[in-house]
Amino acid sequence: MSVHLHWFLPTGGDGRTLVDRHAYTDGGVRRERITPVSGVRAPDVEYLAQIAKAAEQLGFEAVLTPTGTWCEDAWLTTMALSQVTERLKFLVAFRPGVISPVLAAQMAATFQRVSRGRLLLNVVTGGDSTEQRRFGDHLDHDQRYARTDEFLQVVRGVWSGRPFDFHGAHYQVEGGLTALPPDPLPEVFFGGSSAAAGPVAARNVDVYLTWGEPPEQVRQKIDWIRQLAEREGRTVRFGIRLHTLSRDSAKEAWATADRLLDDLDPDTVAAAQQALGKSESVGQQRMLALHGGSRDALEISPNLWAGVGLVRGGAGTALVGSHAQVADRIEEYHALGVEHFVLSGYPHLEEAYWFGEGVRPELAARGLLDAGPAPLAGVPAANGRPASAPGGAPLLVAGGR
């Protein structure tokens with residue numbers, strides 16, 4: 001089992017700190033705030049194309065796009081970027097509750113043909129009722145997972161190439177089909193830590209994603225999903241969502257993490273923790289429990305830093321250390337059964353180079369990567385920047401969503 005490396009597209013904006021990094025700083029709730037703030041890179045197609053092209057050049061297999069009212073639409077953005085890349089795949093996040101499963105199956109089939117087979121799907125059930133209601137979705141947490149279960153059954157049924165009927169609590173479909181099923185079928189990625197989420201993963205998905213918890217906690221989640229999948233007669237593969245902050249030395253990496261903390265005043269952290277504490281997501285609550293809102297003891301496992309989660313929802317941990325140390329931690333998770341690593345770092349353009357030119361060669365030397373198109377060669381590293389770093393920008397911090 002080889003390691004599959006993926007990067008992230010910051011379709012809500014990018015930046016150099018853990019705060020004020022979004023072009024849409026409050027998710028677009030107050031219209032007067034829908035403007036780029038100082039030091040933030042807006043998610044325009046030109047900047048996102050730079051990240052996508054860098055990811056492709058550096059040997060990443062795919063890029064993940066988020067979903068929500070605070071970012072650009074993932075389907076439209078990635079379809080545009082598919083036209084300026086050649087090999088890069090797109091892990092498109094979307095919410096089952098806001099789109100017809102038959103339409104989603106059709107969109108996926110079209111995307112797969114136009115992109116020549118470069119679509120992956122990330123199904124996001126949603127753990128925040130406030131956000132869901134913005135989309136007109138009023139189901140509670142467990143009902144949303146029950147609907148996702150039906151949604152994925154319909155999508156796979158429609159992809160069969162024959163008229164498909166389905167009669168469930170949430171969907172009733174008569175003769176659903178796509179004119180031409182996608183070829184190949186997109187792999188389905190899915191995450192969820194609640195009791196309601198596990199059976200959905202076991203019955204329907206190809207890759208179960210977890211956020212970056214310490215290895216023992218990840219092992220327990222893998223065992224849980226494996227057992228559920230075995231009862232369904234299925235095999236599920238596993239992935240993990242992490243940030244990375246790797247440098248030529250551990251001292252440099254941790255100094256960068258320390259600078260990120262220096263940007264966070266107590267009021268900012270307290271406000272973020274209060275907002276995140278209201279989330280219905282079990283995974284989010286597990287992220288919060290890793291640090292408890294405190295700056296103390298943020299290295300919760302060797303080279304695993306929970307500082308990002310002080311102010312960021314979702315993935316709240318980063319692998320911090322030298323390139324070899326970050327590779328060690330990836331190898332450790334891989335030994336547990338993790339195959340897909342969905343990574344990010346801030347700003348995303350520069351951090352893609354730090355990881356791609358620093359950690360990826362370490363993983364290749366250990367035989368953890370499949371042979372494939374080699375990353376394009378860059379110029380030797382100089383002035384504290386990784387080889388081929390664009391624009392000569394100083395690489396000081398890695399923060400943001």
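All values below were derived from every heavy atom in this structure, side-chain atoms included, with hydrogens, water molecules and symmetry-related copies excluded.
Q132 and R95 share a side-chain donor-acceptor pair at under 3.5 Å. Side-chain atoms of R241 and S344 form a donor-acceptor pair, as typed in the model, at a separation below 3.5 Å.
Ion pair E56/K53 not flagged as a salt bridge, since none of the NZ, NE, NH1 or NH2 atoms sits closer than 4.0 Å to an Asp/Glu carboxylate oxygen. In summary, R219 and E216 engage in a salt bridge, as defined by a charged side-chain N under 4.0 Å from a carboxylate O. Ion pairing between R366 and E362 holds under the 4.0 Å rule for side-chain N and carboxylate O.
For S100 (side chain) and V102 (main-chain N/O), a donor-acceptor pair under 3.5 Å exists by modelled atom type. Between the side chain of D142 and the backbone N or O of A196 there is no donor-acceptor pair closer than 3.5 Å. Between the side chain of R156 and the backbone N or O of N204 there is at least one donor-acceptor pair closer than 3.5 Å. Judged by distance alone, with hydrogens and angles left aside, the side-chain atoms of Q172 form no donor-acceptor pair with the main-chain N or O of F166 at under 3.5 Å. When atom types are taken as modelled, the side chain of Y208 and the backbone of G192 share a donor-acceptor pair closer than 3.5 angstrom.
Across all their heavy atoms, L9 and L48 have their closest contact at CD2-O, 3.8 Å. Here the closest non-hydrogen pair linking P215 and S301 is CD-OG, 3.5 Å. Of all heavy-atom pairs spanning A93 and T65, the tightest one is CB-O, 2.9 Å.
Ring geometry for H6 versus F189: interplanar angle over 60°, hence perpendicular rather than tilted (30 to 60°). Ring-plane geometry between W305 and W254 is classed as perpendicular, the angle between the planes exceeding 60 degrees on a 0 to 90 degree scale with a lower cut at 30.
Contact of the Q220 side chain with the E213 side chain is not registered, since no non-hydrogen atoms from C-beta on lie closer than 4.5 Å.
Partner H4 forms a side-chain hydrogen bond (donor to acceptor under 3.5 Å, both in side chains) with one of R237, E61, H340 and no other, that one being E61. The side chain to side chain contact (heavy atoms under 4.5 Å, CB included) with V326 is formed by just one residue from the set L319, V320, L363, N303; it is L319.
To the nearest 0.5 Å, atom OG1 of residue T317 and atom CD1 of residue I240 are 7.0 Å apart.
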Inset, instruction - Evaluate the side chain to side chain contact (heavy atoms under 4.5 Å, CB included) criterion for residues H323 and W354: first the C-alpha distance (whole Å), next the side-chain angles of each, then the deciding distance (0.1 Å), finally the verdict. - result: CA-CA 9 Å; H323 304 310; W354 277 115; 4.0 Å; yes

